[in-house]
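A quick write-up on the structure given underneath.
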Amino acid sequence: MIHVTIFGGHEGHLQPQKRFYLTVFGGCELKRPTIARQLFAKRQTGRELHVENKPFFLTLFGAAGTKAPTLAEEFIDLREMINSGLLAPADWERSMVELGHSPGAVASFTIFGGFDECELPSENEEIDSLAVQRHLGNIPESAGQVLQYGIGQQGAERTATVRRAVQTIA
């Protein structure tokens, strides 16, 4: 499946059925699925993470990129999947090792433009998301305090923060 953005902008979610993204004189920013959702999809399909269905971004005179989900989104998805039994904590630990050894999640070719793979949400986006989810009661105070330490962190530090936050409510 193809997604084309010409002389415009698109902001959405990275979808596994779309494998080719063409951006010409425009912008395309896609949010990656949470790690818990990636692991669940892997379990359903039986495929390795990021090996098949690797999307390709062709950017000409524009900007494209993928963005990481907020810590609040990561926390809520992980907690819900563990609570529902769809994902065991042991699966999470094993999968973190797999993710650390996986090749890049996307392929890209950019001419006269820019491409940013897995940009982090801004500090304001993270704080706003945490505040809203705390207000709604989706994130307890103790977990919210732990998640605040993950703002601006990448990779293993970010995933470890989400895991610690889930453990505080277990």
Side-chain angles (χ1 to χ4, degrees), residues 3 5 9-19 21 23 27-45 47-51 53-55 57 63-84 86-89 91-100 102-108 115-140 142-169:
H3 179 88
T5 306
H10 175 74
E11 200 170 308
H13 293 276
L14 188 61
Q15 298 174 358
Q17 67 270 23
K18 292 185 179 175
R19 294 190 182 159
Y21 294 88
T23 305
C28 180
E29 184 175 285
L30 302 171
K31 188 180 282 190
R32 265 186 332 131
T34 62
I35 293 172
R37 289 188 187 275
Q38 290 177 46
L39 298 178
F40 182 68
K42 176 193 172 232
R43 177 190 261 177
Q44 283 188 320
T45 62
R47 296 179 182 156
E48 291 301 310
L49 295 170
H50 305 302
V51 173
N53 299 333
K54 183 187 260 191
F57 288 82
T66 60
K67 193 171 194 174
T70 64
L71 288 165
E73 292 169 318
E74 291 279 10
F75 171 83
I76 290 169
D77 276 358
L78 178 59
R79 183 194 62 200
E80 293 303 316
M81 288 197 182
I82 288 174
N83 288 345
S84 66
L86 294 173
L87 185 64
D91 291 340
W92 172 266
E93 303 297 335
R94 267 193 312 276
S95 299
M96 289 303 95
V97 173
E98 286 179 32
L99 283 174
S102 295
V106 299
S108 68
F115 182 79
D116 191 6
E117 184 177 357
C118 204
E119 174 187 0
L120 289 177
S122 71
E123 187 174 336
N124 287 341
E125 289 173 311
E126 291 279 22
I127 291 169
D128 289 347
S129 178
L130 278 172
V132 166
Q133 295 304 327
R134 278 174 144 172
H135 179 71
L136 294 173
N138 293 331
I139 299 178
S142 59
Q145 290 175 353
V146 172
L147 289 172
Q148 288 177 354
Y149 292 114
I151 294 174
Q153 300 295 320
Q154 293 182 353
E157 293 87 6
R158 190 172 179 83
T159 55
T161 301
V162 172
R163 179 72 171 123
R164 272 193 305 270
V166 169
Q167 288 174 333
T168 63
I169 62 167

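Values in this document were obtained by computation on a predicted structure and should not be read as measured data.
The nearest pair of heavy atoms linking I139 to G144 is CG2-N, 3.6 Å. Residues V146 and A165 approach most closely at CG1-N, 3.7 Å, considering heavy atoms. Looking at every heavy atom in both residues, T23 comes nearest to A64 through OG1-CB, 4.1 Å.
Considering E125, E117, H13 as possible partners of K67, the one that fulfils the side chain to side chain donor-acceptor pair (under 3.5 Å) test is E125.
Side chain of R32 to backbone of Q38: no donor-acceptor contact under 3.5 angstrom is found. Side-chain atoms of S129 never come within 3.5 Å of backbone atoms of E126 as a donor-acceptor pair (strictly under, hydrogens ignored). With hydrogens and angles ignored, the 3.5 Å screen pairs a side-chain donor or acceptor of E74 with a backbone N or O of I35. Between the side chain of S84 and the main chain of E80, a donor-acceptor pair closer than 3.5 Å is present. In this structure, T66 contributes its side chain and C118 its backbone to a donor-acceptor pair below 3.5 Å.
In this structure, the separation between CG on L130 and CG on N138 is 11.5 Å, given to the nearest 0.5 Å. Remark: I82 CD1 to I169 CD1 distance equals 8.5 Å, nearest 0.5 Å. Between atom CG of residue L14 and atom CD of residue E29 there is a gap of 12.0 Å, rounded to the nearest 0.5 Å. The CZ atom of F75 lies 11.5 Å from the CZ atom of R163; values are rounded to the nearest 0.5 Å. The line from CG of L39 to CZ of R37 is 12.0 Å long, rounded to the nearest 0.5 Å. Atoms OG1 and CD, on T159 and Q154 in that order, are 11.5 Å from each other to the nearest 0.5 Å.
Here the side chains of V106 and F115 are in contact, with some heavy-atom distance below 4.5 Å. Looking only at side-chain heavy atoms (C-beta outward), R158 and L120 come within less than 4.5 Å of each other. Using a 4.5 Å heavy-atom threshold, the side chains of Q133 and E73 count as separate. Annotation: side chain of I151 is in contact with side chain of L71 (closest heavy-atom distance under 4.5 Å). Annotation: side chain of T34 is not in contact with side chain of V162 (no heavy-atom distance under 4.5 Å).
Below 30°, between 30° and 60°, or above 60°: for F57 and Y21 the angle between ring planes is below 30°, a parallel geometry.
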Check: Do Q15 and H3 pass the side-chain contact (heavy atoms from CB on, under 4.5 Å) test, and can you show the C-alpha distance, the side-chain angles, and the key distance before you say yes or no?
Finding: CA-CA 10 Å; Q15 298 174 358; H3 179 88; over 6 Å; no

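By the salt bridge (charged side-chain N to carboxylate O under 4.0 Å, His left out) test, R134 pairs with E141, sequence neighbours left out.
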